[in-house]
Amino acid sequence: MAEADLAPFAALNSHPQVVEWLGSSPTRAESDAMAARWSVELEAEGWGLWALEVVGGAPFVGVCGLHRTRPPVPGAPAVEVGWRLDPAHWGNGYATEAAAAAHRLRRDPGDDFDHPSLAEGSPLRAHVLYRAGAGSPRPG
């Protein structure tokens, strides 16, 4: 998430209608830390949650993408499609469109590869390739 997205993300996280679904509201510091964790996850995984904007409209309407769940979440570890939108933008199909785009990432284990410029035995050598479907935005 870009620096410019942090304030609207914090406002989103404290919006009463959003808090109703989340159960609690993080402080600004907690919200910023959450965005930082998601950015690290995006960088590490190659996919994650990203900021949503409306082309020709609002510069930030929420977040959507893929997120790795961890215990104690039931079914964890797993990857979920997640979203969080400003209520002013509910009902426009943005979450559905973004979630569908995020879900189009595909992995064929046959496409995984060892990076040729990294030494054999390097823990970074093995690479997993995810492909985005035609027309889908690339996370990041």
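This structure is a prediction, so every number in the text was calculated from the model and none was measured.
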Self-check item: Spatial distance of atom CG (L52) from atom CG (D86) [nearest 0.5 Å]
Solution: 11.5 Å
Quiz item: ring-ring contact (aromatic ring centres under 6.0 Å, His included) with W38: which of W47, W50, F9?
Solution: F9
Quiz item: Which atom names give the shortest non-hydrogen contact between A95 and C64, and what distance separates them?
Solution: O-SG, 4.4 Å
Self-check item: Spatial distance of atom CE (M34) from atom CE (M1) [nearest 0.5 Å]
Solution: 8.5 Å
Quiz prompt | Point-to-point distance, once rounded to the nearest 0.5 Å, from OG1 of T96 to CH2 of W83 | solution = 7.5 Å
Quiz item: Which pair of non-hydrogen atoms, one from S31 and one from P26, has the smallest distance, and what is that distance?
Solution: N-CB, 4.0 Å
Quiz prompt | Partner residues of R37 under the salt bridge (Lys or Arg N to Asp or Glu O under 4.0 Å) criterion, sequence neighbours left out | solution = none
Quiz item: With under 30° as parallel and over 60° as perpendicular, where do the rings of H89 and Y94 fit, or are they tilted in between?
Solution: tilted
Quiz item: Given the rule that I, L, V, M, F, W and Y join up when any side-chain heavy atoms are under 4.5 Å apart, are L12 and V19 in one cluster?
Solution: no
Quiz item: Are W90 and F60 co-members of a hydrophobic cluster defined by side-chain heavy atoms under 4.5 Å apart?
Solution: yes
Exercise. Could I get the full list of side-chain hydrogen bond (donor to acceptor under 3.5 Å, both in side chains) partners for D32, not counting sequence neighbours?
Key: R28
Quiz item: How far apart are the closest heavy atoms of E41 and R70, and which atoms are they?
Solution: OE2-NH1, 4.0 Å
Exercise. Kindly give the heavy-atom pair with the smallest separation between A51 and D5, and that separation in Å.
Key: CB-OD2, 3.5 Å
Practice problem: Considering non-hydrogen atoms only, spot the tightest contact between P59 and E53 and give its length. | Solution: O-CB, 3.2 Å
Quiz prompt | Closest heavy-atom pair and its distance - L49, G82 | solution = CD2-O, 3.6 Å
Quiz prompt | Verdict with reasoning, E120 to D114, per side chain to side chain contact (heavy atoms under 4.5 Å, CB included) | solution = CA-CA 9 Å; E120 287 194 43; D114 287 340; over 6 Å; no
Quiz item: Under a 4.5 Å side-chain heavy-atom rule over Ile, Leu, Val, Met, Phe, Trp and Tyr, are V63 and V18 clustered together?
Solution: yes
